[in-house]
Peer 1: 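Take a look at the following structure, please.
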Amino acid sequence: MIKKCLQLGFVLIGFSSLFAQTEKPSEIFWKNLEKHCGKAYEGKLPEHITRDDFAGKKLTMHVKSCSTNEIKIPFNVGDNYSRTWILTKKDGIITLKHDHRYKNGTSETITFYGGTNTNYGFKDFQMFPADQETATLIDYASTNI
């Protein structure tokens, strides 16, 4: 009797592991990004890219504020501090929005564009296809990822 109970117990434990949930790739991505909270990273465009508003300027991203479902990353271009990337997470799906503000703190005309991943993505890579709000604000960006 004890032997049968033990066998049944092991079968149930083994069977239950088939239904154990693994961590979603987006959750791993989020946790890895949270590790950078409070840190800033500086970069620059490669010389062959001649985008006027970024060319020759110091580019700095600062993973400034992190909460369970929102991470804000100000992105500075030289002395222009108007940009913030806002990542939000809902039901394991991540959205990226670009928040642009004037020096006085009010929203710029073209702001809060971006997109939402269509799935859980990968643990080290997420894609954000342009959403309808982006297509409405910036028609040429409607196919951006």
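Values in this document were obtained by computation on a predicted structure and should not be read as measured data.
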Peer 1: Quick one: does Thr95's side chain have a donor or acceptor within less than 3.5 Å of a partner on Thr88's backbone?
Peer 2: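 Not confirmed, Thr95 side chain does not pair with Thr88 backbone.
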Peer 1: Let me confirm one number: the OG-CG distance from Ser142 to Leu137, rounded to the nearest 0.5 Å.
Peer 2: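 With rounding to 0.5 Å, OG (Ser142) is 12.0 Å from CG (Leu137).
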Peer 1: Can you check salt bridge (charged side-chain N to carboxylate O under 4.0 Å, His left out) on Asp99 and Arg101, steps first, answer last?
Peer 2: CA-CA 7 Å; Asp99 184 13; Arg101 306 241 167 210; 3.2 Å; yes
Peer 1: How about Tyr113 and His100: do any of their side-chain heavy atoms sit closer than 4.5 Å?
Peer 2: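 Tyr113 vs His100: side chains touch.
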Peer 1: Atom NE2 in His36, atom CE in Met61: separation rounded to 0.5 Å?
Peer 2: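 If I round to the nearest 0.5 Å, the distance is 8.0 Å.
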Peer 1: Please name the pair of heavy atoms, one in Thr118 and one in Pro129, separated by the smallest distance, quoted to 0.1 Å.
Peer 2: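 Scanning both residues, the minimum pair turns out to be CG2-CG, 4.1 Å.
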Peer 1: Measuring from atom NZ of Lys89 to atom CZ of Phe29, what distance do you get when rounded to the nearest 0.5 angstrom?
Peer 2: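 Lys89 NZ to Phe29 CZ: 11.5 Å, rounded to 0.5 Å.
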Peer 1: Under the 4.5 Å side-chain heavy-atom rule for ILVMFWY, direct or indirect, which residues accompany Ile93?
Peer 2: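 Other cluster members: Tyr120.
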Peer 1: What residue pairs, at least two apart or across chains, pass disulfide bond (SG atoms under 2.5 Å apart) with a residue in residues 56-145?
Peer 2: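 The answer is Cys37-Cys66.
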Peer 1: Linking I/L/V/M/F/W/Y whenever any side-chain heavy atoms sit under 4.5 Å apart, do Ile86 and Met127 land together?
Peer 2: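 Hydrophobic grouping puts Ile86 apart from Met127.
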Peer 1: Has Glu42 got more than 12 heavy atoms of other residues, nucleotides or ligands less than 6.0 Å from its CD?
Peer 2: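 Count over threshold, so yes.
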Peer 1: Can you tell me how far OG1 of Thr134 sits from CD1 of Ile110, rounded to the nearest 0.5 angstrom?
Peer 2: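 That separation rounds to 10.5 Å.
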Peer 1: For Tyr41, does the OH atom have more than 12 heavy-atom neighbours from other residues, nucleotides or ligands under 6.0 Å away?
Peer 2: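 Above 12, so yes.
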Peer 1: So which heavy atom on Ser82 is nearest to which on Asn80, and how close?
Peer 2: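 Shortest heavy-atom contact: OG-OD1, 2.6 Å.
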Peer 1: Counting only pairs under 3.5 Å, give me each side-chain donor-acceptor contact of residues 69-78, with atom names and distances, residues two or more places apart or in other chains.
Peer 2:
none

Peer 1: Restricting to pairs with a member in residues 98-145, which pass disulfide bond (SG atoms under 2.5 Å apart), not counting sequence neighbours?
Peer 2: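 Sorted pair list comes back empty.
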Peer 1: Flag the pair Trp85 / Val63 as yes when at least one side-chain heavy-atom distance between them is below 4.5 Å, and no otherwise.
Peer 2: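 Answer no - side chains too far apart.
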Peer 1: To the nearest 0.5 Å, how far apart are NE2 in His98 and CZ in Phe128?
Peer 2: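 Going from the NE2 atom of His98 to the CZ atom of Phe128 covers 9.0 Å.
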Peer 1: Suppose we screen for side chain to side chain donor-acceptor pair (under 3.5 Å). Which residues come up paired with Asn119, at least two apart in sequence or across chains?
Peer 2: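 So Asn119 forms no side chain to side chain donor-acceptor pair (under 3.5 Å) with any residue.
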Peer 1: Which pairs pass disulfide bond (SG atoms under 2.5 Å apart) with one or both residues in residues 104-145, sequence neighbours excluded?
Peer 2: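 As it turns out, there is no disulfide bond (SG atoms under 2.5 Å apart) pair with a partner in residues 104-145 once direct neighbours are skipped.
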Peer 1: Drop me the distance from Glu133's CD to Ile138's CD1, to the nearest 0.5 angstrom.
Peer 2: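 That separation rounds to 10.0 Å.
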